[in-house]
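See structure below.
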2 protein chains.
Amino acid sequence: MPDLFTVLADPSRRRILDTLRGSEGLLVKELVAALGLTQPNVSKHLRVLRTAGLVAETAERQGRRYRLRPEALREMDDWLRPYRVFWTSRLDDLGDYLDSTRPHERPQP
Amino acid sequence: MPDLFTVLADPSRRRILDTLRGSEGLLVKELVAALGLTQPNVSKHLRVLRTAGLVAETAERQGRRYRLRPEALREMDDWLRPYRVFWTSRLDDLGDYLDSTRPHERPQP
DNA sequence: TGGTTATATAACCGTCAAGGCATAAAGAGG
DNA sequence: CCTCTTTATGCCTTGACGGTTATATAACCA
């Protein structure tokens, strides 16, 4: 149960997620080929990602297919949301209207 | 020059940023009191945060005031953006679309 | 059965960071 | 100059993590 930010601190794991995004899932061997990492290394990272809920695994004839579970990233986005308003325009703040816990003052009209 | 995700992997550092947000800057002693951490610990974390550009320091009579530099978080938001569309509503996607089309330098008044 | 492919796991190692303690540095005031 | 306050830094220990190598497990095929 490592926390999400720790899991995403590793660049190889972020590369795995980036590679998984935009596909309907990849076999471990495909990830190994795409990233140029060793197979045990990839398997270890996938285990961490699976424990964090960031990927899901489905058995298949020729191996195990891993697919992205992007909802698990919401926790990071939630943390980031109160900060995002600092650099986005008011129009972009539309995306933040859900957030009621923003501790800094709203800009005066 | 540690990467941003590694810097933010530490919960104490995220708490420091959360505390700094919503104020115009705090003295080290105020952060120590607010967070219940030891003073050397806070100073070390502040050094890491300053190196990453996440906080800025200004000398003052009674100490040094640290203020948040939220722009440094954009790199994390940029990484997160392609994932955000997976779970956000269409309204939020509008904000993302504008993010990707409008130049970021000068928000329109 | 034996062999091949795909994936996971175990064992080991080097590195690195976090936290605690003690102390140094810097500035203000008496 | 001395002292008090505030902050930074140095040293040390400990624990966690990433990467590699070797091996185990499982499925499939000849």
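Below, chains carry the letters A, B, ... as their sequence lines are ordered, and counting in each starts from 1.
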Here the distance between atom P of D:dG18 and atom CG of A:L37, to the nearest Å, is 12 Å
A:H45 NE2 to C:dT7 P, in whole Å, measures 16 Å
Does any non-hydrogen side-chain atom of B:W79 lie less than 4.5 Å from one of A:D18? yes
Sorted by number, residues from residues 10-23 of chain A placing a heavy atom under 4.0 Å from DNA chain D are A:D10, A:S12, A:R13
### Query
A:T38 side chain N/O closer than 4.0 Å to the phosphate oxygens (OP1, OP2) of D:dT20?
yes
_Between B:D78 and B:R81, does any side-chain N to carboxylate O distance fall below 4.0 Å?_
yes
For B:R14, is there an ion pair with A:D3 - N to carboxylate O distance below 4.0 angstrom? yes
**OP:** Taking the six-membered ring of A:Y83 (Phe, Tyr or Trp), confirm whether the NZ or CZ of B:R21 is under 6.0 Å from its centre and within 45° of its axis.
**Re:** yes
Separation of D:dG18 atom P from A:L35 atom CG, nearest Å, is 15 Å
Could you list the donor-acceptor pairs under 3.5 angstrom formed by side chains in residues 27-38 of chain A, with sequence neighbours left out?
residue: A:E30; atom: OE1; partner: A:L27; partner atom: N; Å: 2.7
residue: A:T38; atom: OG1; partner: A:N41; partner atom: N; Å: 3.4

Per-nucleotide protein contact along nucleotides 4-15 of chain D, 5' to 3', at a 4.0 Å heavy-atom cut-off (B base, S sugar-phosphate only, - neither), is --SBBBBB----
Notebook entry, point to check: Is there a side-chain contact between A:V48 and A:D10, using heavy atoms and a 4.5 Å cut-off?
Noted result: no
What one should report as the nearest heavy-atom pair of A:R13 and A:H45 is NH1-ND1, 3.2 Å
Give the C-alpha distance, both sets of side-chain angles, the deciding distance and a yes or no for side-chain contact (heavy atoms from CB on, under 4.5 Å) between B:L80 and A:L73. CA-CA 8 Å; B:L80 207 53; A:L73 287 169; 4.2 Å; yes
